[in-house]
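All heavy atoms count here, side chains included; hydrogens, waters and symmetry mates do not.
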Amino acid sequence: MAGVAGSSDRVRGLVHALCAYVASYGVHDLSHQRRIAAQLGRLAPHKLSVEQTLQWLDRQVENWAFALLGQCLTAHQVRAAFLSDRRAPDLLLQIPDGSPAFAALATALRQACKPAMPPVRVTPMPIQSLARGRWTPAVGADALHPQSVGR
Amino acid sequence: MLIRFLVFVLTAATALFGTVVWADLLGANGITGLDRVQIVLFAITFSWLSLFFWSSLLGWIVGLLGRKPIALVYPPPLAVGEAAPELQEGKPVAIVVPVYNEDPAAVMGRVAAMLRSLRALQAIKPFHFFILSDTTDPDVAVAEQACWHALVQQEEARDCIFYRRRPRNTGRKAGNIAEFCENYGAHYEHMIVLDADSLLTGPTLLWLARAGRLNPTAGIIQALPTIIGSHSFYARAQQFAARLYGPMLARGISCWHQGDSNYWGHNAIIRVDAFTQCCGLPTLPGPPPLGGHVLSHDFVEAALIRRGGWQVWLVSDIEGCFEQMPQSLIENGKRERRWVQGNLQHSKILLAAGLHPLSRLHLVMGILAYLAPIFGLLFLLVGLASSIRANLVPPDYFPDTPTLFPTWPIFDGDRALQLLALVVVMLTLPKLLAALSVIVSPTQSKKWGGRVRLLTGVLTEHLFTILIAPIMMLIQTGFVLDVLLGRDSGWGAQNRGDATTSWPEGWQRHRGHFIAGVVLAGISWLYAPSLFWWLSPILAGLLLAVPVSVYSSRPLRHKLFFIPEELVVPAEVSTATHVEAELANVVPPSDPAFGRVAAVLDDAQLNALHLSLLPAQALKHIDADELAKARRKLALRQSGIVPPPVLSARERAALLADEMSLRYAPLGVRPELP
């Protein structure tokens with residue numbers, strides 16, 4: 001009996017977590033939440049803990065975003081994008097209905113998923129010496145950098 | 001070059017004249033050791049005063065002639081709606097705003113104002129804004145992210161307002177900018193460096209960007225900031241003085257600096273490749289305060305860029321470049337403490353190889369700016385000692401040399417008064433000329449609130465400056481001694497908001513000045529009564545230090561110290577205030593136990609936003625014990641314990657860096673921690 005009760009607790013916990021997970025993407029309508037949560041529950045591998053299930057879902061979201069947008073995004077970024085663009089959750093609900101919504105979702109997400117910073121392009125800054133040394137004569141000091149005068 | 005030579009010759013001649021007169025006055029009865037010290041101190045302070053006097057006078061003359069003071073190529077004016085031809089091609093311009101525990105709504109409000117101003121000119125395309133956060137306070141960090149997100153949503157500016165927060169503020173502000181240049185600088189040819197309180201209008205940003213493109217030899221073009229937004233008596237007096245006298249002095253110094261000028265750390269456009277090549281700052285040898293990271297990095301960066309063969313220009317005649325200042329003497333003192341340390345650090349850089357002579361002069365002047373009060377104080381004390389000695393030791397009427405008549409002590413009062421008059425003229429003439437330039441023009445006078453209000457402002461500011469000068473002298477002397485005794489200033493965030501000084505705080509901070517005033521007054525009254533009245537302005541400042549500090553920190557209700565930006569408030573200032581108020585509403589409330597970290601735990605949107613901005617290595621800089629404590633307290637909170645345990649600031653920072661604890665928190669899922 002204890003095993004059954006434990007299993008039922010796990011399922012209840014999983015359903016609750018999945019609904020919350022769907023809600024975290026901006027889907028606030030309870031019936032929609034339950035419908036999507038049920039679909040996700042069926043898709044997810046069994047015998048995973050609640051947290052592992054959510055991590056598995058995150059990986060799926062990341063793969064889905066990569067397929068949709070062609071860029072590597074974390075699940076947090078996708079979630080942040082969904083919550084930033086009010087249209088995205090509605091479009092998400094329409095995905096099963098056809099591809100135009102899917103394309104619109106891609107457009108909405110592409111806009112909202114713009115990174116917070118441009119890509120890193122490293123240009124090292126050499127550390128300068130401030131050691132004492134020869135004093136520059138006042139006349140020679142006025143010379144300009146060759147690059148600065150286009151030489 | 002000729003003008004520079006002329007300024008140096010005039011400065012040297014004036015300083016020499018004053019010093020010779022002073023030496024004659026003191027040496028009339030034979031020169032003692034104390035007299036020699038006094039002469040040296042007089043020479044230093046008088047040279048300092050002379051340089052500023054002649055620079056101001058030069059600025060006034062150049063202004064009067066309507067000449068452009070520098071040889072920098074200025075961008076030609078654009079017709080309404082015309083695109084800047086210089087910016088049509090090439091890389092965009094980065095506008096970088098380094099922040100450190102600032103009010104995020106205010107910072108983002110100013111960014112919004114600049115963005116809108118550029119959009120109104122249809123000139124936003126070549127500009128990218130960067131909020132470069134070094135914020136260490138976790139509550140402020142959460143508010144920053146919420147405000148940034150709201151701003152980019154509201155302005156639809158995800159393409160042009162970027163945000164990043166460093167997990168650790170290595171190298172402080174210089175390190176913050178350097179990190180940007182190293183990782184993102186390759187995308188940009190120029191960057192406009194701002195401070196958290198900077199506000200530039202769209203036309204000014206555009207002007208700087210165009211000037212950068214038109215002058216390929218320019219490594220730095222520094223704009224002259226105007227102080228705005230002051231409301232206390234103290235800050236308004238400083239704001240008024242800076243607005244009225246500042247441009248004239250800046251015009252003068254820019255005229256003799258030409259392309260060898262200086263950088264003030266913000267409100268300047270910098271060529272990124274020049275900065276990257278030349279401005280990798282080393283850590284200075286030895287422990288803080290004189291060793292360690294370079295605090296006042298701006299002067300050093302200007303010197304290094306100049307050493308690298310790039311020019312550094314100061315532009316004194318463009319408008320629409322604003323900044324703010326501390327609202328009280330005490331808050332200003334806190335900022336000065338860091339500047340004192342930073343400038344004294346420059347003594348280690350002064351003799352660095354290959355620096356341009358003028359760069360060395362900038363460093364010397366920075367150091368002297370904080371040593372001058374010590375020289376002033378020493379001059380005062382040595383003068384007092386000489387006077388006491390003269391009073392206590394009777395004159396020797398019959399020296400050893402045979403003479404028919406007694407040797408009377410000589411004091412040439414007329415010459416002393418002439419020298420005093422010269423000092424007064426050198427101190428006040430530049431101010432009077434600046435005021436005169438406004439008064440003679442009815443249009444200009446109107447902008448300053450009318451002639452009567454302007455003259456009242458000039459007089460009141462002058463009296464106030466006399467009153468606070470001795471207080472500042474002792475404050476700065478204390479700071480210099482602090483640094484020389486090896487005490488580090490740290491890197492505190494500035495209080496840019498309301499900072500009214502209470503009576504207990506005023507007494508605590510200024511009781512030393514009051515006591516110094518009492519002692520000085522007593523000694524001079526008893527032992528050198530002739531000097532007492534000469535010292536009275538200094539004594540008044542010290543004896544009134546507490547009430548002056550307290551009352552001057554209070555808001556000024558009437559419109560004394562009116563500046564033109566208050567008659568016609570720039571649209572950008574109004575927009576910044578308006579957006580700041582809007583963004584203040586998106587700052588999540590602070591929980592008594594978890595601060596604003598609670599919002600990241602409970603609010604799905606903030607949670608996703610925070611995690612999406614979290615750098616991969618964030619946890620690397622977190623103390624493992626703090627993290628363990630924070631996780632334990634989080635578990636207690638999630639178990640529903642009432643009241644929840646309180647997280648310390650360090651624990652909040654640890655939790656904010658811990659993706660594992662945060663990621664499913666809004667879903668009510670407890671993390672399976674290792």
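- Within a 6.0 Å radius of NE2 in A:His16, no more than 12 heavy atoms belonging to other residues, nucleotides or ligands are found.
- Looking at B:His187, its side chain does come within 3.5 Å of a backbone N or O of A:Pro119 through a donor-acceptor pair.
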Give the C-alpha distance, both sets of side-chain angles, the deciding distance and a yes or no for side chain to side chain contact (heavy atoms under 4.5 Å, CB included) between B:Tyr664 and A:Glu51.
CA-CA 8 Å; B:Tyr664 302 124; A:Glu51 193 182 5; 3.8 Å; yes
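- Interatomic distance, B:Arg663 CZ to A:Asp58 CG, rounded to the nearest 0.5 Å: 7.5 Å.
- Residues B:Pro282 and A:Leu130 share a closest heavy-atom pair of CG-CD1, 3.6 Å.
- When side chains are defined from C-beta on, A:Pro118 counts as touching B:Tyr188, because their heavy atoms get closer than 4.5 Å.
- Within the 4.5 Å cutoff, no side-chain heavy atoms of B:Gln605 are placed close to those of A:Arg79.
- When heavy atoms are compared at a cutoff of 4.5 Å, B:His149 approaches chain A solely by way of its side chain, counted from C-beta outward.
- Counting heavy atoms from C-beta on, the side chains of B:Glu182 and A:Thr123 never come closer than 4.5 Å.
- Contact count versus chain A (heavy atoms, under 4.5 Å) is highest, among B:Leu304, B:Leu609, B:Leu613, for B:Leu304.
- At least one side-chain heavy atom of A:Val122 sits under 4.5 Å from a side-chain heavy atom of B:Asn183.
- At a 4.5 Å heavy-atom cutoff, the contact between B:Leu284 and chain A is made by side-chain atoms alone.
- Two residues are said to be in side-chain contact when any heavy atoms from C-beta on lie closer than 4.5 Å; A:Ser24 and B:Leu667 meet this criterion.
- The distance from atom OG of B:Ser612 to atom NE2 of A:His76, rounded to the nearest 0.5 Å, is 8.5 Å.
- Counting heavy atoms from C-beta on, the side chains of B:Tyr184 and A:Arg121 never come closer than 4.5 Å.
- Comparing B:Tyr163, B:Trp148, B:Phe275 by how many heavy-atom pairs each has under 4.5 Å with chain A, the most go to B:Tyr163.
- Looking at B:Arg307, only its side chain comes within 4.5 Å of chain A, counting heavy atoms on both sides.
- Side-chain contact between A:Met125 and B:Gln277 is absent, with no heavy atoms from C-beta onward closer than 4.5 Å.
- Atom CZ of A:Arg132 is separated from atom CD1 of B:Ile349 by 11.5 Å, given to the nearest 0.5 angstrom.
- Interface residue B:Phe130: only side-chain heavy atoms are found under 4.5 Å from chain A.
- Side-chain contact between B:Leu611 and A:Thr74: absent, with no pair of heavy atoms (C-beta onward) separated by less than 4.5 Å.
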